[in-house]
Novice: 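Below is a structure I'd like to ask you about.
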Number of protein chains: 2
Amino acid sequence: MANWKGLIREQLEKDREAAVQLLQQWVKSPSVQGEEQSIQQSIAELLGQMGLDVDLWVMEGEELVSHPYFVSPRTTFEGSPNVIGVWKGQGDGRSIILNGHVDVVPAGDLAQWDDDPFSGKVEDGKLYGRGATDMKGGNLSSLLAIQVLQKLGVQLKGDVIFQSVVEEESGGAGTLATIIRGYKADAALIPEPTNMKIFPKQQGSMWFRLTVKGRSAHGGTRYEGVSAIEKSMLVVQAIGQLEKERNDRLDDPLYAKLPIPIPINLGVIEGGKWPSSVADLVKLEGRMGVAPGEQMDDAKAEMAAALKKLAEVDPWFAEQPVELEWFGARWVPGAVELDHPLMDILQAQFEAVTGDRAIVEASPWGTDGGLLTALANTPAIVVGPGVTQVAHYPNEYIVLDEVFRCAEIFALTLLEWCGVAESVKE
Amino acid sequence: MANWKGLIREQLEKDREAAVQLLQQWVKSPSVQGEEQSIQQSIAELLGQMGLDVDLWVMEGEELVSHPYFVSPRTTFEGSPNVIGVWKGQGDGRSIILNGHVDVVPAGDLAQWDDDPFSGKVEDGKLYGRGATDMKGGNLSSLLAIQVLQKLGVQLKGDVIFQSVVEEESGGAGTLATIIRGYKADAALIPEPTNMKIFPKQQGSMWFRLTVKGRSAHGGTRYEGVSAIEKSMLVVQAIGQLEKERNDRLDDPLYAKLPIPIPINLGVIEGGKWPSSVADLVKLEGRMGVAPGEQMDDAKAEMAAALKKLAEVDPWFAEQPVELEWFGARWVPGAVELDHPLMDILQAQFEAVTGDRAIVEASPWGTDGGLLTALANTPAIVVGPGVTQVAHYPNEYIVLDEVFRCAEIFALTLLEWCGVAESVKE
């Protein structure tokens, strides 16, 4: 058997400059929602040059938008195609999906960036720009894993399905569309920024809106009214209590290091219209974490029950119950067995490449992996370069060495998972 | 001495129909902020016909807008003139200001009104429309008091200064302008809707804005951030505690019947931008009641101290203190000695007209009386027809009998306070 590790590392080194330029090109393409056409077109061309079967399409149709897992602020996707390239195997091997999203969150306040948010600047081994970490760096690792094997003359037995999807940041409609289109595999890797920790389980999440009611009155006689702001404090407390109960009973060792494994975050509050009036309405919007393996409907029911119990704390809530709505984004939780064969391979290759034992944890956020696992019967593991602390923030960057290290681990994983059919170097 | 009570009542009855039509005409004029020109013009004409010295002017100038007591969302007042009519006395008598505002708050949600908000409809002895109670009904009482004395051939010794001002609902710039223009008197009556309770003391109030800081993070790892929504709960508690302390030490018997004599109302809350992010900023806006006799600067300092003490409750506030701003509207508190001669006269005439003892309390809200007392050395007493429960609300109305009863009490009060110089009926 060839010294794959040495050969792969050598080849990656050889092609490093071109790879960095490709990542720069990707980051310079500001693929925020609705603006993914250009980068997807160029990725499709590249996949074609690599000899993959390329599928570029704009998702649409009733099956998509009326799907129970469909979540998006929009229903038409002009300017936002999905791209898939299939590297067909010779047969008799396990297939794998390498899934990554190409949409990035907006740059936000430009004043907080030291450079143009889409500069792609390289400095001290880091590449800067919105999307560098979340997750164009990881996408490059996947692409390089295929390229390096091709350059080494490898033919795999199983198919490798490279997916460059849209809409992950809005709830996963892009990956949902790939599933509806029929794509599935024996397993999937998603190189979201985990700092190369291996996440067989991913927290799901969903957004909710609470409407807390009061009764208006003049502020000078505020005791004649009921303040929705004061009542909303009780609601915040009840949500905190619910979060505690849900986390206390979670004994998954993968979550042992997280202070609050499945948080309930209240992110937005808004109520009242006039300083001199008692506020008669407060809206709270938040994100509820859903445990891997938990049914989303069960989590919803638990939230509804906690709000109903508020009537025991304050009879006002019996008269004017808090209204609960589920709206906007939603990410399905995902879970893969810890002894899944791909887990073994990944951990072995991580150790082979880095000399360290891989850290296995559960993700504190949702990914498209939940959809792949739940709907496409494709167990998905999330592992990739970069740290979440810089994702969605000004001056986002990725350490380039990490991208190549991930590519090396992925290439070795593909060899083992899909199996080698033939190789000129063997 | 003539039977003034009988004569006044008889004359008011005689003129009742015309008076109701005048109030209808006033209420039909939708004199919201910026739209007072028409009603003020017609009042000025009427005062002129009554033989008063009329002063109609649009307030302006540096002295006004840079005055420390100037509060208004605007600095030019085209379309919003003040009107004053002076009924000159023969001399050697006490003067009096009859002050009332002609600006009304907006109609609000039209769907909540049974009729056009400016209908002036009369039904079952009530006159309906925005401003009927707050405070065109009271203004009519003042005007009728002068008219009825004139019709009875009375000449008073002291001046009666009828003031129809703008901007009361926005903080009193209209009355401030009358003071800058030189108007003052030995005392003032303001017929705001007190349900004919006599308010020698009026609560002041001022608006504040609190900025509570947090630190952003992703909702899935919310423990890496600091929620400004959670921190604002502590702020709401601290404000509640401050309100309690301020009211506990208030032993004014005039406030004995009010559950919270000088409330601090938090009327507006707004913070956070994204359900999946930890909110890094919450703004709270409210109204702080100021006790009669209390210095506004002392109340401000007390609020600042209470917010500073939050650092003892939670060290976060030592690092990120709550910001305090005083903005927008402000009403100066007012206080007249309980044994002020005008108090004696008012109570006596109330009892003479109604057969009941007058109720003397302190107002739970500010009026322009604070400015008159503090800046023009004109002790102001607030007493008028109508109830605050309908002011600022849909289907606002006033009971017409109350308007005429107030006019009767005011006419008798003018006779005693200003002194009768001559009368054809005497």
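Sequence lines set the chain letters: A, B, ... in the order given, protein chains first and strands last, and positions in each chain run from 1. The figures that follow rest on heavy atoms only: side chains count, while hydrogens, waters and symmetry mates do not. Just so we're clear, the structure is a prediction, and the values are computed from it rather than from any experiment.
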Novice: Could you check which of B:G328, B:S363, B:P263 has the highest count of heavy-atom pairs closer than 4.5 Å to chain A?
Specialist: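 Most pairs with chain A among the choices: B:P263.
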Novice: Within the supplied structure, the quantity of interest is the number of heavy atoms (other residues, nucleotides, ligands) at a distance under 6.0 Å from A:W274 CH2; does it exceed 12?
Specialist: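 Count not over threshold, so no.
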Novice: Heavy-atom distances under 4.5 Å only: say whether A:I264 touches chain B with side chain, backbone, both or neither.
Specialist: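 For A:I264, the backbone is the part near chain B, not the side chain.
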Novice: To the closest 0.5 Å, what do you measure between OG (A:S216) and OH (B:Y393)?
Specialist: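 Output value for this atom pair is 4.5 Å.
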Novice: So does A:G220 get a backbone contact from the side chain of B:N265, meaning a donor-acceptor N/O pair under 3.5 Å?
Specialist: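 Not a single qualifying donor-acceptor pair exists.
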Novice: Assess whether atom CZ of B:F317 is packed by more than 12 heavy atoms of other residues, nucleotides or ligands within 6.0 Å.
Specialist: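 Check passes, neighbour count above 12.
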Novice: Please flag which part of A:S205 lies under 4.5 Å from any non-hydrogen atom of chain B: side chain, backbone, both or neither.
Specialist: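 Neither the backbone nor the side chain of A:S205 comes within 4.5 Å of chain B.
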Novice: Could you go step by step and tell me if B:V282 and A:I269 meet the side-chain contact (heavy atoms from CB on, under 4.5 Å) rule?
Specialist: CA-CA 8 Å; B:V282 167; A:I269 190 166; 4.3 Å; yes
Novice: Which one of B:A391, B:S277, B:G240 has the most heavy-atom pairs closer than 4.5 Å to chain A?
Specialist: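 Of the options given, most contacts go to B:S277.
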Novice: Does any backbone or side-chain atom of A:I229 lie under 4.5 Å from a heavy atom of chain B? Answer side chain, backbone, both or neither.
Specialist: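 The side chain, not the backbone.
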Novice: Between chain A and each of B:G214, B:G272, B:G225, count heavy-atom pairs under 4.5 Å; write down the option with the most.
Specialist: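 Top count of heavy-atom pairs under 4.5 Å with chain A: B:G272.
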Novice: A:A279, A:P364, A:G271: which one forms the most heavy-atom pairs within less than 4.5 Å of chain B?
Specialist: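 Among the listed options, the one with the most contacts to chain B is A:G271.
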Novice: How long is the straight-line distance from CE of B:M233 back to CG of A:L266, given to the nearest 0.5 Å?
Specialist: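 It is 9.5 Å, given to the nearest 0.5 Å.
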